[in-house]
Amino acid sequence: MAGPHPLGDPAPLDGLLPASAAVDAGDREFSVYLHVPFCRVRCGYCDFNTYTATELRGVKQSDYASQAVLEVESAGRVLIESGVPARPVSTVFFGGGTPTLLPVGDLTRMLHAVRDQWGFVPGAEITTEANPDSVDAAYLQGLADAGFTRVSFGMQSAVPRVLATLERTHDPERVPLVVQWARDAGLDVSLDLIYGTPGETVADWRTSLEYAINQAPDHISTYSLIVEEGTKLARQIRRGDVAAIDDDTQAEFYELADELLGAAGFHWYEVSNWATDVSHESRHNLAYWRSHDWWGVGPGAHSHVGGVRWWNAKHPAAYAERVLAGHSPAVGRETLDAETREVERVLLLSRIRTGIPIASLTEHGRHEIAGLIADELVNARAAIHGDLELTLRGRLLADAVVRRILPD
């Protein structure tokens, strides 16, 4: 289970938002995230807000879809009563946990509740996460029939020894099967990988990358393993049972991913993400980086509308009690001031390849970026004239510098 809630103000029981949330809402896209907080087993590295069957304490997985639908219906009322104009949903993402532990009919009910409440933009992106061992061909066809367009499989590694360290339960040989079944159903496919597992070698990571590339997915995410306090893995490292993770090796893994994925025709568009083309970039994740609006449904889910951010009760029992009573499941929130929103905008946009228009920065920000550009030009020129290979960071920054200085 995850750690404590962030600091913030108490959220009102009716969930109504301040008037500031509605300002310029028509200029922002609207997305929905649905959190399914159930897992068959708890992986040793995970600190997400997830629960195994023995941790549910008085609530049942079979009741969850109905509770999520209640929150969706409440969200529609809250936005209207808060003066936020109705907008069709651009992207939907089911995350977890393992959403596909629920019957496909439950995910369908939740998705259709979102559709009935707000509607979808034409070509809306609708994704669910799935473990390779949590779906079969019939399940994936059911997702496609319900309106899902995309599935993101938690492959993590192609090396059994690495999967065992992560306590993942699937066999790597399952991955080609689920990818083919998803393709047969007409779904786009993303594969998630983790690098930097204790004991993982560069050769292991190359094996996983090449295995993922060979499945010909539309999208690949690579995430560095972060050891979170309170997890089983953190305790194992503290006791010396497994080796600590080396930052330099993780950097080498990242550069190898960029090299192999680029050579295979994937283009990098966000710190941890590559796609075969622009049409297969994760529009849902880009909505986060671009500070658009999203409503997070479910225990522990976070939401953001017009600079107002809030978070739901974490345990499924506490969440259920609130939504069944007709109350907002939100337990805390914060309204971001202009300075905080600007800092977050810059930090988030700096994650994506398109970057930040210099003209949109404050005067101080424009001054600082001018110094950065000057420094990076010196570094890039020295590397080029010295016939040296630029580091990945240097290549990306030099590319950004050139794009901003040279005319089209």
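Both backbone and side-chain heavy atoms feed into the values below; hydrogens, waters and symmetry mates do not.
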| query | When you look at Val69 and His112, which way does the side chain to side chain contact (heavy atoms under 4.5 Å, CB included) test go after all the steps? | reply | CA-CA 9 Å; Val69 167; His112 288 180; over 6 Å; no
| said: Could you go through Arg77 and Glu73, starting from their C-alpha distance and side-chain angles, then the distance that decides it, and tell me whether this counts as salt bridge (charged side-chain N to carboxylate O under 4.0 Å, His left out)? | reply: CA-CA 7 Å; Arg77 293 192 299 272; Glu73 294 170 349; 5.3 Å; no
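- When all heavy atoms of Ser208 and Leu193 are compared, the pair lying nearest together is O-CD1, 4.3 Å.
- Checked against a 6.0 Å centroid threshold, the rings of Tyr269 and His219 count as neighbours.
- Closest approach of Ser221 to Asp192, counting heavy atoms only: CB-OD1, 3.4 Å.
- Residues Arg28 and His292 approach most closely at CA-ND1, 3.6 Å, considering heavy atoms.
- Under the 3.5 Å distance criterion, the side-chain polar atoms of Ser82 are matched with a main-chain donor or acceptor of Val78.
- When ring centroids are compared, Tyr33 and Trp295 stay outside the 6.0 Å threshold.
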| task | Tell me, with the steps shown, if His304 and Tyr288 meet ring pair (Phe, Tyr, Trp, His ring centres under 6.0 Å). | result | CA-CA 9 Å; His304 171 266; Tyr288 293 151; 9.5 Å; no
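- Judged purely by atom type and a 3.5 angstrom limit, Glu125 uses its side chain to pair as donor or acceptor with the backbone of Arg283.
- Closest approach of Ser291 and Leu348 over heavy atoms only: OG-CD1, 3.6 Å.
- Distance alone, capped at 3.5 Å, places no donor-acceptor pair between the Asp204 side chain and the Val162 backbone.
- What you find for Arg168 and Gly154 is that their closest heavy atoms are NH2-O, 3.3 Å.
- The only option from Arg150, Met155, His280 that meets the side-chain contact (heavy atoms from CB on, under 4.5 Å) definition with Ser190 turns out to be Arg150.
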| message | I'd like to know whether Arg87 forms a salt bridge (charged side-chain N to carboxylate O under 4.0 Å, His left out) with Asp293, so could you lay out the CA-CA distance, the side-chain angles of the two residues, the decisive distance to 0.1 Å, and finally the verdict. | response | CA-CA 10 Å; Arg87 292 161 290 170; Asp293 292 347; 2.9 Å; yes
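- Relative orientation of the Tyr64 and Phe38 rings is perpendicular, given thresholds of 30° and 60° on the angle between their planes.
- No donor-acceptor pair closer than 3.5 Å links the side chain of Gln215 to the backbone N or O of Pro217.
- Using bins of under 30°, 30° to 60° and over 60° for the plane-to-plane angle, the ring pair Tyr195/Phe253 lands in the perpendicular bin.
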| salt bridge (charged side-chain N to carboxylate O under 4.0 Å, His left out) evaluation trace for Glu344 with Arg309 | CA-CA 12 Å; Glu344 290 195 359; Arg309 186 161 48 219; 2.9 Å; yes
| field | Stepwise side chain to side chain contact (heavy atoms under 4.5 Å, CB included) check, Tyr139 with Thr100 | value | CA-CA 9 Å; Tyr139 194 106; Thr100 46; 3.5 Å; yes
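- No more than 12 heavy atoms of other residues, nucleotides or ligands sit less than 6.0 Å from atom CD of Glu321.
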